[in-house]
Amino acid sequence: MTLLIKTIKELKEKVKEYKKEGLTIGLVPTMGALHRGHFSLIEKAVSQNNRTIVSVFVNPTQFGPNEDYDKYPRTLKEDLQGAEKIGADIVFSPSPDEMYAGCTLNNNYLTYVAPPYEYINKLCGKSRPNHFDGVATVVTKLFNLSEADNAYFGMKDAQQLLIIRKMVKDLNMNINIVPCPIVREDSGLAMSSRNNYLSQNGRKTALALSKTIFTVENLVKNGNIKDVRYLTDVALKLLEDTEVEYIEFVDYDNLENVSTIKNNTLFAIAARVEGVRLIDNILLEE
Ligand code: AMP
């Protein structure tokens with residue numbers, strides 16, 4: 001049975017128990033509205049650890065003032081059932097007050113973890129200026145609370161994954177980060193809790209993102225096209241029915257733009273469909 005825990009105190013007690021028994025712990029941080037993408041992370045955690053903790057927390061400090069914090073889907077009952085089916089031991093779902101006790105929501109009294117500017121001022125960080133500070137901070141808290149040996153993150157949020165790895169390395173955190181591939185619907189659409197906002201028509205339009213990802217991959221792999229300017233034009237054309245926020249080709253070590261495809265180049269897109277902000281990406285090889 002999966003235990004639903006809402007308080008830090010109770011979570012700490014459970015973790016203490018696990019540690020005393022010498023059990024390994026896997027952590028899967030999520031914001032809930034769980035789908036097959038999340039489930040793939042939980043499955044991996046369950047297969048690699050003695051105990052698995054899934055956090056379900058819509059973290060207010062990573063949302064900007066005009067973003068969708070209030071309307072973000074919250075489906076704890078279903079999330080708990082889903083996590084239980086896969087064999088998670090704990091779903092940790094605290095309230096914002098529980099998580100940030102004493103710190104008001106404008107965060108003036110909160111100690112922050114600040115990832116390097118060079119990592120957070122690019123890609124998603126351009127339109128979401130405080131987002132990655134909020135992510136790094138809540139993830140640090142979750143690492144400390146869970147005392148996990150392994151934590152699972154999806155490549156869907158490639159910039160987030162890179163920033164977390166950098167944080168763990170720079171701050172000597174004692175945890176292993178396990179990257180997990182993007183899970184897609186049969187149509188190719190990358191799974192996302194925000195897909196729930198889309199109408200039937202919107203879902204069709206949203207397919208432009210994955211189509212662009214795979215078209216560019218094919219041009220690089222089979223067409224031997226390496227020129228980023230050319231590939232950007234192709235992408236722009238395919239995304240013309242969406243509102244493009246960015247199309248970027250960057251070195252996935254440091255997020256610097258590249259002009260020619262080389263090994264470990266991240267091709268990443270953010271675009272809005274029906275006002276819903278969607279992201280997708282792929283790692284390209286030379
Ligand atoms: P979220 O609930 O959106 O914050 O996501 C929680 C974790 O699930 C993050 O590590 C995401 O990268 C990962 N994730 C979300 N969608 C997918 C997906 N389609 N495939 C793989 N991982 C995903």
Side-chain angles (χ1 to χ4, degrees), residues 26-48 52-64 67-69 71-76 78-80 82-83 86 88 91-94 96 99 115 123-124 128 131-143 146 148 150-168 175-198 203 206-207 209-210 213-214 252 266 268-270 276-283:
L27 171 71
V28 183
T30 82
M31 296 205 300
L34 300 184
H35 49 65
R36 278 202 290 115
H38 298 114
F39 293 151
S40 71
L41 272 57
I42 302 172
E43 270 160 22
K44 209 174 209 175
V46 168
S47 74
Q48 296 182 345
T52 294
I53 301 173
V54 179
S55 63
V56 172
F57 180 57
V58 185
N59 174 35
T61 68
Q62 71 189 65
F63 284 78
E67 293 184 354
D68 56 344
Y69 175 70
K71 76 164 190 175
Y72 198 85
R74 287 161 171 87
T75 59
L76 185 58
E78 291 80 4
D79 292 350
L80 192 59
I86 304 171
V91 166
F92 175 55
S93 189
M99 205 55 176
L123 308 178
C124 293
R128 310 188 75 189
H131 173 68
F132 289 111
D133 293 30
V135 169
T137 305
V138 79
V139 167
T140 300
K141 283 165 74 72
L142 292 168
F143 285 179
S146 66
N150 300 297
Y152 297 77
F153 289 88
M155 250 317 265
K156 166 86 192 327
D157 300 273
Q159 187 177 11
Q160 167 175 283
L161 173 58
L162 187 73
I163 287 171
I164 300 292
R165 293 182 117 164
K166 177 86 172 119
M167 174 183 86
V168 165
I175 192 163
N176 176 43
I177 303 300
V178 184
C180 304
I182 298 178
V183 175
R184 299 175 179 281
E185 294 183 358
D186 290 343
S187 64
L189 182 66
M191 296 222 162
S192 164
S193 306
R194 290 192 170 96
N195 291 347
N196 292 336
Y197 299 144
L198 295 169
R203 275 181 175 264
L207 290 182
L209 276 84
S210 51
I213 292 291
F214 293 127
Y252 193 47
L266 180 75
I269 302 170
V276 181
R277 189 174 180 281
L278 302 171
I279 56 174
D280 204 342
N281 71 75
I282 192 163
L283 269 182

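As a basis for the values below, the full set of heavy atoms in this structure was taken, side chains included, without hydrogen atoms, waters or symmetry mates. For the single chain, residues carry numbers from 1 onward in sequence order. Start at 1 and go down the list; that is how both ligands and their atoms are numbered.
The nearest heavy-atom contact from the protein to atom 5 (O) of ligand 1 is His38 NE2, 3.4 Å. Of the protein's non-hydrogen atoms, the one nearest atom 14 (N) of ligand 1 is Lys156 CB, 4.3 Å. The shortest contact between atom 16 (N) of ligand 1 and any protein heavy atom is with His35 CE1, 3.3 Å. Annotation: atom 20 (N) of ligand 1 to nearest protein heavy atom, Val183 N, 2.8 Å.
A heavy-atom distance below 4.5 Å is found between the side chains of Met167 and Val139. Val56 places none of its side-chain heavy atoms less than 4.5 Å from the side chain of Leu80. A heavy-atom distance below 4.5 Å is not found between the side chains of Pro60 and Met99. Between Met155 and Leu161 there is a side-chain heavy-atom pair separated by less than 4.5 Å. Taking the side chain as every heavy atom from C-beta outward, Tyr152 and Thr52 never approach each other to under 4.5 Å. In this structure, Asn281 and Tyr252 have side chains that are not in contact, with every pair of non-hydrogen atoms separated by 4.5 Å or more.
Close approach of ligand 1 to Pro29 is summarised as follows: ligand atoms under 4.0 Å from at least one heavy atom of the residue are 6 (C), 7 (C). Residue Phe153 has at least one heavy-atom neighbour below 4.0 Å for each of these atoms of ligand 1: 10 (O). The Pro181 neighbourhood of ligand 1 comprises atoms 20 (N), 21 (C), with distances under 4.0 Å to a heavy atom of that residue. Taking every heavy atom of Met191 and a limit of under 4.0 angstrom, the matching atoms of ligand 1 come to 16 (N), 17 (C), 18 (C), 19 (N). For ligand 1, the atoms closer than 4.0 angstrom to any heavy atom of Gly154 are 9 (C), 10 (O), 11 (C), 12 (O), 13 (C), 22 (N). With ligand atoms numbered from 1 in the order given, ligand 1 contributes 1 (P), 2 (O), 4 (O) to contacts under 4.0 Å with heavy atoms of Met31. For ligand 1 and Ile182, the ligand atoms under 4.0 Å from any heavy atom of the residue are 20 (N), 21 (C).
Considering backbone and side-chain atoms alike, Leu41 places every N or O at 3.5 Å or more from each N or O of ligand 1. Looking at Thr30 next to ligand 1, no N or O pair under 3.5 Å apart turns up.
Among Leu189, Asp157, Ile164, Ile279, the residue whose heavy atom lies nearest to atom 11 (C) of ligand 1 is Asp157.
Separation of atoms CG (Asp280) and CG (Leu207) is listed at 10.5 Å; rounding is to 0.5 Å.
Ligand 1 has no atom lying under 4.0 Å from any heavy atom of Ala33.
Looking at Ser193, its side chain does come within 3.5 Å of a backbone N or O of Ala33 through a donor-acceptor pair. A distance-only check finds no donor-acceptor pair linking the side chain of Ser93 to the backbone of Phe57 [under 3.5 Å]. Checked by atom type and distance alone, the side chain of Asp133 never pairs as donor or acceptor with a backbone atom of Thr61 at under 3.5 Å.
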